[in-house]
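As structure tokens, the structure follows; a few thoughts come after it.
Hydrogens, waters and symmetry mates are skipped; everything else that's a heavy atom, side chains included, is used.
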Amino acid sequence: MEIQFAPVPSKAPIERIYIVAATLNAFKGRRHVEAHLFRHGADAAELAALLDSDLVGPPDPAVPPQVLQGATREAALRCILEAFTREESEALVAYLEERYAEHLEKITVCPLEIPVPLGVAPLSHIPEGKTTGFIRFDKAPGYPLPFAVWAFYDLDAHEPLLAE
């Protein structure tokens with residue numbers, strides 16, 4: 001299993017800046033499935049602490065205006081709350097390496113782009129569907145981390161294990 005840890009800029013505005021992705025060898029009949037891991041369950045106090053910050057920027061000009069309808073600063077801030085601190089990301093990688101190494105091809109840890117553009121929504125707000133969903137790591141027996149971790153996946157983005 002390959003582990004990549006990209007450096008964070010020395011003048012990062014916050015500690016909660018690390019995002020984590022893992023590539024699963026096989027999952028639900030698909031191969032090389034990319035899962036985007038995130039810290040789940042941030043509370044209102046954590047959000048309130050970010051409300052007066054400059055962590056949300058203008059929308060990406062490539063995003064169509066109809067997509068931006070209903071976009072909120074709070075949703076963009078919740079993206080930051082789904083990120084990990086350095087210590088959390090290191091603990092998460094150690095857990096994944098110990099528990100799931102034979103099922104993972106790669107783990108990538110890199111910094112979240114700050115400011116987060118208005119219009120970005122947190123992963124936890126994506127609805128589950130027939131081919132999309134969440135892996136709830138914190139529900140696994142013996143889960144050792146003091147924070148909840150979920151992972152979003154989209155099976156349609158990956159090739160099937162067998163020819164259909």
In short, Ala21 meets His36 closest at the heavy-atom pair CB-ND1, 4.2 Å

* Going by distance alone, is a donor N or O of one side chain under 3.5 Å from an acceptor N or O of the other, for Thr131 and Asp156? -> yes

Shared hydrophobic cluster for Val109 and Ile114 (ILVMFWY, side-chain gaps under 4.5 Å)
yes

Any side-chain heavy-atom pair from Glu74 and Leu47 closer than 4.5 angstrom? yes

Step by step, would you call Glu15 with Thr85 a side-chain hydrogen bond (donor to acceptor under 3.5 Å, both in side chains)?
-> CA-CA 5 Å; Glu15 289 184 34; Thr85 64; 5.7 Å; no

In short, Gly119 meets Ala71 closest at the heavy-atom pair CA-CB, 3.6 Å

Step-by-step side chain to side chain contact (heavy atoms under 4.5 Å, CB included) determination, Tyr153 to Thr132
CA-CA 6 Å; Tyr153 63 86; Thr132 60; 5.7 Å; no

Tightest non-hydrogen contact, residues Ala35 and Ala151, listed as CB-CB, 4.0 Å

| Is any side-chain N of the basic residue among Glu97 and Lys106 closer than 4.0 Å to the acidic one's carboxylate O? | no

Rounding to 0.5 Å, atoms CG (Leu155) and CZ (Arg30) come to a distance of 6.0 Å

Checklist entry - Side-chain contact, heavy-atom cut-off 4.5 Å: Thr23 with Val33? => result no

### Message
Using the ring centroid of each side chain, check whether Phe38 and Phe84 are separated by less than 6.0 Å.
### Response
no

Check: Leu118 and Pro59 side chains under 4.5 Å, non-hydrogen atoms: yes

Heavy atoms of Ser89 and Phe5 approach each other most closely as OG-CZ, 3.5 Å

Student check: side-chain heavy atoms of Leu37 and Ile19 closer than 4.5 Å
no

(request) Flag the pair Cys110 / Tyr18 as yes when at least one side-chain heavy-atom distance between them is below 4.5 Å, and no otherwise. (result) no

Quiz prompt | Check: Leu81 main-chain N/O paired with Arg39 side-chain donor or acceptor under 3.5 Å | solution = yes

Ring pair (Phe, Tyr, Trp, His ring centres under 6.0 Å) with Phe137: of Tyr100, Trp150, Tyr143, only one passes, and it is Tyr100

Contact check, side chains of Ile80 and Leu50, non-hydrogen atoms, under 4.5 Å
yes

Is there a chain of hydrophobic side chains (I, L, V, M, F, W, Y, each step under 4.5 Å between heavy atoms) that links Val116 to Phe152? no

Sub-4.5 Å side-chain heavy-atom contact between Met1 and Ile107: yes

Rounding to 0.5 Å, atoms CZ (Phe134) and OG (Ser124) come to a distance of 6.5 Å

Between Val20 and Leu92, does a side chain to side chain contact (heavy atoms under 4.5 Å, CB included) hold up when you go through it step by step? CA-CA 9 Å; Val20 179; Leu92 175 57; 4.2 Å; yes

Less than 4.0 angstrom from a charged side-chain N to a carboxylate O is my criterion; do Glu90 and Arg86 meet it? yes

**Message:** If you count every heavy atom of other residues, nucleotides or ligands that lies below 6.0 Å from Asp54 atom CG, does the total exceed 12?
**Reply:** no

Handout entry: Glu88 and Arg16 ion-paired at < 4.0 Å
Key = yes

Near Glu98 CD, under 6.0 Å, is it more than 12 heavy atoms from other residues, nucleotides or ligands? no

If Ile, Leu, Val, Met, Phe, Trp and Tyr residues are connected whenever their side-chain heavy atoms lie under 4.5 Å apart, and connections chain through other members, are Leu112 and Leu51 in the same group? yes

Cluster check Val120, Leu68: I/L/V/M/F/W/Y, side chain < 4.5 angstrom: no

Intermediate values then yes/no, side chain to side chain contact (heavy atoms under 4.5 Å, CB included), Cys79 and Glu113: CA-CA 11 Å; Cys79 291; Glu113 187 178 318; over 6 Å; no

Connected via hydrophobic side-chain network under 4.5 Å: Val8 and Ile3:
yes

**Report entry** Glu34 vs His158, side chain to side chain contact (heavy atoms under 4.5 Å, CB included): CA-CA, chis, key distance, verdict
**Finding:** CA-CA 8 Å; Glu34 185 82 12; His158 306 287; 3.7 Å; yes

Between Pro117 and Ala76 the two heavy atoms that sit nearest each other are O-CB, 4.1 Å

Taking every heavy atom of Ala75 against every heavy atom of Pro122, the minimum-distance pair comes out as O-CD, 3.4 Å

State, without any angle test, whether Glu105 and His32 hold a side-chain donor-acceptor pair at a distance under 3.5 Å. yes

Taking the side chain as every heavy atom from C-beta outward, state whether Pro160 and Arg31 have any pair of such atoms under 4.5 Å apart. no

